[in-house]
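Reminder, nothing fancy here: chain letters follow the sequence lines and each chain counts from 1. Reckoned from all heavy atoms, side chains included, excluding hydrogens, waters and symmetry mates. Everything quoted here is computed from the prediction, not taken from an experiment.
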Amino acid sequence: MKIILKDGSELDLKSGATAKDAARAISEGLLRAAVAAKINGQLADLLTALCEGDRLEIVTLKDKEGLEVYRHTCAHVLAQALKTVFPTCKLAIGPVIDNGFYYDVDFKTPITMEDFAKIEAEMKKIIKADFPIERFTLSREDAIVLMSKFHENYKVELIQDLPEGEEISFYKQGSFTDLCRGPHLPSTGKIKAFKLVSIAGAYWRGDEKKKMLTRIYGTAFAKKEEMDEYFEMLEEAKKRDHVKLGKEMKLFALLNEGKGFPFFLPSGMILKNVLVDYWRQLHRREGYVEVQTPMIMTRTLWENSGHWEHYKDNMYTTKIDGEDCAVKPMNCPGGMLVYKLAPHSYKDLPIRMGELGLVHRHEKSGQLHGLMRVRCFTQDDAHIFMLPEQITDEIKGVVRIIDEVYSLFGFKYHVELSTRPKDSMGSDEDWDKATNALRAALDELKLPYVVNEGDGAFYGPKIDFHLEDSIKRTWQCGTIQLDFQMPQRFDLEYVGEDGQKHRPIMIHRVVFGSIERFIGILIEHYAGKFPVWLAPEQVKVLPVTDRAAAYATELADRINAMGLRASADLRKEKIGRKILDAEMEKVPYKLIVGDKEVEGNTVSVRKRGEGDIGVMTQDDFIALLKKENDEKIIF
RNA sequence: GCUGCUGUGGCUCAGUCGGUAGAGCACAUCCUUGGUAAGGAUGAGGUCGGCGGUUCAAGUCCGCUCAGCAGCUCCA
């Protein structure tokens with residue numbers, strides 16, 4: 001029979017030959033490297049029999065899919081080892097994830113990381129034994145019988161949920177058999193480098209109401225060196241942790257007296273204010289106006305907006321003069337009230353109404369994380385009230401702003417479209433209309449996105465923009481939400497060309513998302529080494545001796561008077577020490593001034609990360625600094 | 001909230017077998033005026049996260065609790 005290879009060439013094989021036979025026929029080297037096959041685009045085991053005319057691609061560890069197969073087999077090796085070391089444990093699921101794999105297991109008595117050595121030793125034995133890994137299939141009934149025999153009730157539950165009539169595949173290695181779609185490596189001996197990484201709780205089927213299982217995380221690489229590199233990379237990433245840097249750089253503080261309510265310190269406030277200044281300039285250019293609505297409003301308002309019904313668990317409430325009130329968890333209801341203050345003409349729309357609103361939300365304690373997840377944060381919010389025909393343009397406008405801002409910082413982001421959640425309000429028709437409008441805008445912009453079913457806000461679907469932190473966890477920052485509900489609930493109107501009253505449509509949107517979270521991401525992105533325009537302190541003037549102290553102070557004053565940020569280090573320390581300290585503080589520019597500089601009205605400049613860049617006049621340096629600072633100024 | 005781990009001066013960490021605490025950095029004072037990544041001396045600073053228990057004796061053992069970290073769930 002003939003099969004077709006990746007490069008289009010044909011290969012002649014005996015009928016009944018497997019993908020492994022094909023690899024052998026191509027080359028000895030390929031046979032050694034092969035971990036799986038792709039037959040007609042479908043990932044499969046190497047031992048899969050081929051048919052006349054199949055398109056075949058041999059998958060090796062160099063392919064992403066090959067590494068995934070490798071790690072998946074490693075998860076099975078872990079499971080087999082666990083069944084040996086802890087015979088009473090019950091297996092749940094063991095998938096591949098980015099950078100590794102995990103297995104969820106129900107243990108009689110909890111295990112700890114101390115047990116890892118034992119488990120890893122057993123895994124090594126299994127690898128050394130080089131068990132062949134064999135695939136077989138059973139009917140649903142037989143599959144249930146088999147898994148029941150092993151007392152694997154989680155597996156039984158999984159099988160019961162599989163569609164009727166389908167054959168169910170299993171993989172057997174040595175005495176161990178696991179329910180699995182596959183594919184897998186041909187034998188356990190192919191695994192070269194693996195490590196168990198951590199342990200955590202995870203709910204069975206991701207459901208908070210179900211039993212919590214023990215999740216064992218592991219990783220595996222083709223070579224030991226690659227694994228070492230990976231762990232080194234993780235160590236490096238930890239040094240960028242914004243909680244650690246925020247403390248070291250005195251940007252913010254997290255205290256027990258306000259769990260989830262961050263304190264912003266002077267340097268952190270500079271950073272925050274610089275971001276806010278930039279935001280204001282940008283939004284002025286884009287035709288936004290700015291308002292501020294109250295922090296506390298009455299229960300009747302929150303009932304009207306639907307928050308009291310759908311969001312109460314996350315709201316802080318209080319009583320004022322006997323009346324129930326809530327601290328705002330969102331800015332929209334306040335914005336609605338502002339819109340309603342006056343009648344509007346279709347000629348006024350769209351109205352783009354921004355608000356840097358401080359919102360409070362009661363997040364569960366275990367969910368708090370540095371600045372990324374807090375209980376009070378500033379949203380760089382805006383509500384856009386518009387005509388139906390303006391929807392697409394307005395969405396595109398917001399996407400453009402978000403892209404401009406993220407690009408400015410050099411962020412990579414990915415986009416998700418979140419649809420109607422279980423707990424929500426409004427008609428299906430409105431939800432469909434809104435979801436389709438968002439989808440249409442994304443398609444028109446040719447922006448790639450993934451759909452996140454059921455993750456929308458309770459009042460409408462949304463487009464979410466996600467940014468990565470230093471260890472590649474992603475955080476939602478920007479979001480665009482299309483809302484047909486609030487305008488109805490608040491009875492918003494405009495007078496159309498026809499003189500009749502109409503209902504405007506509204507967008508909620510944020511660019512930074514939460515300024516606090518955005519700052520967290522920025523700290524990790526720059527590892528604390530902020531560009532000049534963001535740096536809390538831009539210049540440190542370092543006099544060599546007391547004789548230059550007055551000159552240093554005057555220079556720092558001159559820079560500050562221009563709205564830039566400098567200070568002089570007048571301590572009685574050696575210059576080397578002052579340089580070290582300023583470097584540790586990550587100040588972009590250090591100016592060394594001694595007798596020579598005082599004499600010539602010059603400065604000796606050190607740039608962060610580059611060292612000594614030479615002597616220049618005060619005026620030249622200030623021009624240089626100003627240019628870098630003004631890079632991002634819009635007006 | 002759930003599971004696991006951690007909690008010792010402002011920071012980073014030692015502290016063995018239970019015998020009532022130690023270092024470096026930072027801080028203060030003094031000496032040093034030194035030209036591109038740590039000058040020297042002296043000093044002050046801790047009821048060992050909190051509460052309770054076991055014990056002649058608890059940082060150390062036990063229980064509870066609070067907080068932090070990782071993951072799950074939820075979310076900007």
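Among all heavy-atom pairs drawn from A/Leu570 and A/Pro543, the shortest one is CD2-CG, 3.8 Å.
Summarising the geometry, the separation between CE on A/Met584 and C1' on B/rC11 is reported as 12 Å, rounded to the nearest angstrom. Taking atom NZ of A/Lys259 as the reference point, atom P of B/rA67 lies 4 Å away to the nearest angstrom. One interatomic measurement links the two molecules: NZ of A/Lys247 to C1' of B/rA67, which rounds to 12 Å at whole-angstrom precision. In this structure, the CD atom of A/Glu516 is 15 Å from the C1' atom of B/rC75, given to the nearest Å. Spacing between atom CD1 of A/Ile199 and atom C1' of B/rA70 amounts to 11 Å, rounded to whole angstrom units. When rounded to the nearest whole Å, the span between CD of A/Glu573 and P of B/rG40 equals 10 Å. Atom CG of A/Leu570 and atom C1' of B/rG34 are 16 Å apart (whole Å). Summarising the geometry, the separation between NZ on A/Lys572 and P on B/rA38 is reported as 21 Å, rounded to the nearest angstrom.
Between the P atoms of B/rC51 and B/rA58, the separation comes to 14 Å (whole Å). Spacing of C1' atoms, B/rG15 relative to B/rU3, comes out at 31 Å, to the nearest Å. Rounded to whole Å, the P atom of B/rU60 lies 14 Å from the corresponding atom of B/rG52. Across the C1' atoms, B/rU54 and B/rA38 are found 49 Å apart, a figure rounded to whole Å. Look at the C1' atom in both B/rG59 and B/rU6: the space between them is 15 Å, to the nearest Å. Separating the P atom of B/rG19 from that of B/rG24 is a span of 23 Å, rounded to the nearest Å. Using P as the reference atom, B/rA76 and B/rU16 are 48 Å apart when rounded to the nearest Å. Comparing the P positions of B/rU65 and B/rA57 gives a spacing of 26 Å, expressed to the nearest Å.
Residue A/Gly576 is in sugar-phosphate contact alone, with no base atom involved, counting any heavy-atom pair closer than 4.0 Å across all strands shown. Within 4.0 Å of A/Val374, counting heavy atoms only, lies at least one base atom of the nucleic acid. Within 4.0 Å (heavy atoms only), A/Gly594 reaches at least one base atom of the nucleic acid. Residue contacts for A/Arg373: at a heavy-atom cut-off of 4.0 Å it reaches a base atom on one of the strands shown. When heavy atoms are screened at a 4.0 angstrom cut-off, A/Lys211 is found touching no nucleic acid atom at all. In this structure, A/Ile575 reaches the sugar-phosphate backbone alone: every heavy-atom distance under 4.0 Å involves primed, P, OP1 or OP2 atoms, never a base. Contact annotation for A/Val544: base contact, defined as any heavy-atom pair under 4.0 Å involving a base atom. Looking at heavy-atom distances under 4.0 Å, A/Lys590 makes no contact with the nucleic acid at all.
In this structure, B/rA67 and B/rU6 make a Watson-Crick or G-U wobble pair, each of the two defining distances being under 3.5 angstrom. Pairing partner, B/rG46: none, since no Watson-Crick or wobble contact has both distances short of 3.5 Å. Nucleotide B/rG1 forms a pair with B/rC72, judged by Watson-Crick or G-U wobble geometry with both contacts under 3.5 Å. Shown here, B/rA58 forms no base pair; nothing in the strands shown gives a Watson-Crick or G-U wobble contact with both key distances under 3.5 Å. With both pairing distances under 3.5 Å, B/rC17 is matched to nothing as a Watson-Crick or G-U wobble pair. Pair assignment for B/rA41: B/rU29, on the basis of Watson-Crick or G-U wobble contacts that are both within less than 3.5 Å. Here B/rC11 sits opposite B/rG24 as a Watson-Crick or G-U wobble pair (both hydrogen-bonding atom distances under 3.5 Å).
Comparing B/rG34, B/rU36, B/rC72 by their closest approach to the side chain of A/Arg215 singles out B/rC72. Side-chain proximity of A/Thr545 to B/rC72, B/rC75, B/rG34: nearest is B/rG34. Side-chain atoms of A/Met212 lie closest to B/rC2 of the nucleotides B/rC2, B/rA76, B/rU36. Side-chain atoms of A/Ala202 lie closest to B/rC72 of the nucleotides B/rG35, B/rG39, B/rC72. Nearest nucleotide to the side chain of A/Leu580, out of B/rA37, B/rC72, B/rA76: B/rA37. Of the listed nucleotides (B/rC72, B/rA76, B/rU33), B/rU33 has the atom at the smallest distance from the side chain of A/Arg547. Side-chain proximity of A/Glu363 to B/rC75, B/rU36, B/rC72: nearest is B/rC75. Taking every side-chain heavy atom of A/Asp595 into account, B/rG35 is the closest of B/rG71, B/rG35, B/rA37.
A distance-only check finds a donor-acceptor pair linking the side chain of A/Thr219 to the backbone of A/Asn99 [under 3.5 Å].
Between A/His283 and A/Tyr288, the two ring planes are perpendicular [angle over 60°; tilted spans 30° to 60°].
The structure places CZ of A/Phe465 at 11.0 Å from CZ of A/Arg509, a figure rounded to the nearest 0.5 Å. The NE2 atom of A/His383 sits 8.5 Å away from atom OG1 of A/Thr293, with the distance rounded to the nearest 0.5 Å.
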Show your working on side-chain hydrogen bond (donor to acceptor under 3.5 Å, both in side chains) between A/Glu157 and A/Trp204 and close with a plain yes or no.
-> CA-CA 11 Å; A/Glu157 195 180 325; A/Trp204 168 232; 3.2 Å; yes
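The base of B/rC75 is not paired with the side chain of A/Arg361 by any donor and acceptor separated by under 3.5 Å. Side-chain to base pairing of A/Gln367 with B/rC74: one donor and one acceptor N or O lie within less than 3.5 Å of each other. Judged by distance alone, with hydrogens and angles left aside, A/Tyr203 brings a side-chain donor or acceptor within reach of the base of B/rG1, the pair sitting under 3.5 Å.
Stacking of A/Tyr217 onto the six-membered ring of B/rG71 is not present when judged by under 5.5 angstrom between centres and under 30° between planes.
The distance between the ring centers of A/His525 and A/Phe409 does not fall below 6.0 angstrom. A/His307 has its ring centre less than 6.0 Å from the ring centre of A/Phe458. For A/Phe518 and A/Phe377, the ring centers are positioned 6.0 Å apart or more.
Looking at which nucleotide of RNA chain B each of A/Asp612 and A/Gly260 is closest to, the 5′-most match is held by A/Asp612. The nearest heavy atom of RNA chain B to A/Leu254 and to A/Cys376 marks one nucleotide each, and the one closer to the 5' end goes with A/Leu254.
Distances shown here put every side-chain N or O of A/His362 at or beyond 4.0 Å from the OP1 or OP2 atom of B/rC75.
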